[in-house]
Amino acid sequence: MTKYIFITGGVVSSLGKGIIGASLGKLLRARGFSVAIQKFDPYINVDPGTMSPFQHGEVFVTDDGAETDLDLGHYERFIDTNFSQLSSVTSGSVYQTVINKERRGDYLGGTVQVIPHITNEIKSRIIKAQKSFKPDFQIIEIGGTIGDIEGLPFIESVRQFKTEVGIGNAINIHCTLLPYLPTSGELKTKPSQHSVSQLRSYGLQPEILVCRTSKPIPKTEKDKLALFCSVSKEAVIECRDMKSIYEVPLALEEQKFAEVVLKLLHVEDKKVNLDGWKDLVERINHPKDTIKIAIAGKYTKLSDAYISVVESIKHAGYSNNVKTEIKWINSEECIDSNKCKELMSDIDGVIVPGGFGARGIEGKLNVIKYARENNLPFLGICLGMQCAVIEYARNVAGLKNANSTEFDENSSTPVIDLMLEQKNVKGYGGTMRLGAYDCHLKKGTKAQEVYGTSKISERHRHRYEVNTDFIETLKKAGLVFSGMSPDNMLSEIVEIPNLDWFVACQFHPEFKSRPERPHPLFKGLIDTVVKRKLSEG
Ligand code: GLN
């Protein structure tokens, strides 16, 4: 029987509820339990696919092509399980379903209301995910902060659901912040007390409090929180700021977080195996060297916009016992090639990640040209691959006017063009080539070597592709097409064979990297950088 764990947040936003939920998921998985997750986001967008990375950070993509909140990435990385469309629920998608039903006449003339129609739809999403994953534990994180008007239907649904499944089958973990006042040297508990009383005013009593704090919580304050928030003393869990997010599960395990959860849900504890994770944290905390990898993109002011790319770089670093310092390069600054050279002079490798639109493209092309001409290890992702192909076409294959029709609709040499199935697509939201597709790797290529297999599956999110009309010309000029779709129509990976590491892919490898299992393409990049450093002495 599935047990349900709801996670809410209070006091401030950006508390890291996602990391706390993902850490609990890890601790349960490390005991051999199966875990599914759901993220409820109270905004009206149907999904985050149409939201700007500047505002909302990265759009994460699942195997089945859902465009989701970046927290799903943390959940997949920590729990090491692939989730699906059912894991991502927004107010927009809930209302869309209910309104569609209303238009179809399903409500037989009744008045359609938040309670019960919206709340019933929210509860049915919980059940649908349960039926699909059949997990031992289903962790459901409610986005936003308690008291947000738009979050209320979700909170009411949780209240009803908890009542329906009964005591011992569902709990609510409430995450809060204990602000530290340096003048009095105190951690303050009052905001947490207030946020719990607000939660109670909606009929929800938390069973566990997880308190974010910069300092250790004195026992007196923990006891106070327990007493005034009506939770047991052992259920007040401290979550200190950590150097690495991957330390959080271990810090929570030390406080018996999972044991408290299991006890409240009447499940017998099992032997926990965190050996691999402890080894990972050991490597994170004791790197032998530091390398500097640049990310040259357009959303460099908000690192969350590339969070999976950053995590994937780190994973590949951990496996090499090195710390990876990220240098953010704003591609627009690289339009001046001297500035570009200057910005790239102190880096060990560079990634040009995914993106949309023409802004900063000429800068990205300069970055790639520099990497190619100076044998600097390079990984291009999605738009990064499209730019690598344009750069190669212009500067090596002699196609001076090569471009993508995304940047110049009337390009005379559209080496990158809209995919056939995209030509008649109208509207945004879920209309790109999304989710997992198979790819065949060519023997003897770098890609095939690092994957160690000839058939892979990777996640996509794009509209444009390499134009097949130009493949022969590019091949003749030396570009190797090392990964193709099974029907040989879509170019998925390209590489330049005589450079140390110059590989670019049309898909997003960053969505499949795991802390204990770095993605082959990121590993290929970082392994090359580390090997070169070693040989330089
Ligand atoms: N803008 C490009 C396309 O739509 C690349 C997309 C991406 O990098 N995710 O094909």
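Please read these numbers as outputs of a predicted model, since none were measured by experiment. Start at 1 and go down the list; that is how both ligands and their atoms are numbered.
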Checklist entry - Is it the case that R433 places NZ or CZ above or below the six-membered ring of Y437, under 6.0 angstrom from the centre and within 45 degrees of the axis? => result yes

Checklist entry - What's the shortest distance from atom 1 (N) of ligand 1 to any protein heavy atom, and which residue and atom give it? => result E406 OE1, 2.8 Å

Next on the checklist: Taking the basic N atoms (NZ, or NE/NH1/NH2) and the acidic carboxylate oxygens, is any pair closer than 4.0 Å for D348 and K292?
Outcome noted: no

Item to check | Distance from atom 4 (O) of ligand 1 to nearest protein heavy atom, with residue and atom | outcome: R463 N, 3.0 Å

Next on the checklist: I'd like to know whether ligand 1 has Q386 as a neighbour, heavy-atom separation below 4.0 Å.
Outcome noted: yes

Checklist entry - How far is atom 5 (C) of ligand 1 from its nearest protein heavy atom, and which residue and atom name does that atom have? => result G355 O, 3.3 Å

Checklist entry - Taking NZ, NE, NH1 and NH2 as the nitrogens, is one of them in E311 or K314 under 4.0 Å from a carboxylate oxygen of the other? => result yes

Checklist entry - Is there side-chain contact between F83 and D64, with heavy atoms separated by less than 4.5 Å? => result no

Next on the checklist: How far is atom 9 (N) of ligand 1 from the closest protein heavy atom, and which atom is that?
Outcome noted: R461 O, 2.9 Å

Checklist entry - Where is the nearest protein heavy atom to atom 7 (C) of ligand 1: which residue, which atom, and how far? => result C382 SG, 3.0 Å

Next on the checklist: Suppose we measure from atom 10 (O) of ligand 1 to each protein heavy atom; which comes out shortest, and what is that distance?
Outcome noted: Y464 N, 2.8 Å

Item to check | 4.0 Å heavy-atom contact, H508 with ligand 1 | outcome: yes

Next on the checklist: On a heavy-atom basis, which atom in D500 and which in K446 lie closest, and how many Å separate them?
Outcome noted: O-CE, 3.1 Å

Item to check | N-O pairing of E76 and R459 below 4.0 Å | outcome: yes

Checklist entry - L383 to ligand 1: N or O pair under 3.5 Å? => result yes

Checklist outcome for this item: Nearest heavy-atom approach of P518 to K523 is CG-CD, 3.9 Å

Item to check | Numbered atoms of ligand 1 (with element) below 4.0 Å of G354, judged on heavy atoms | outcome: 8 (O)

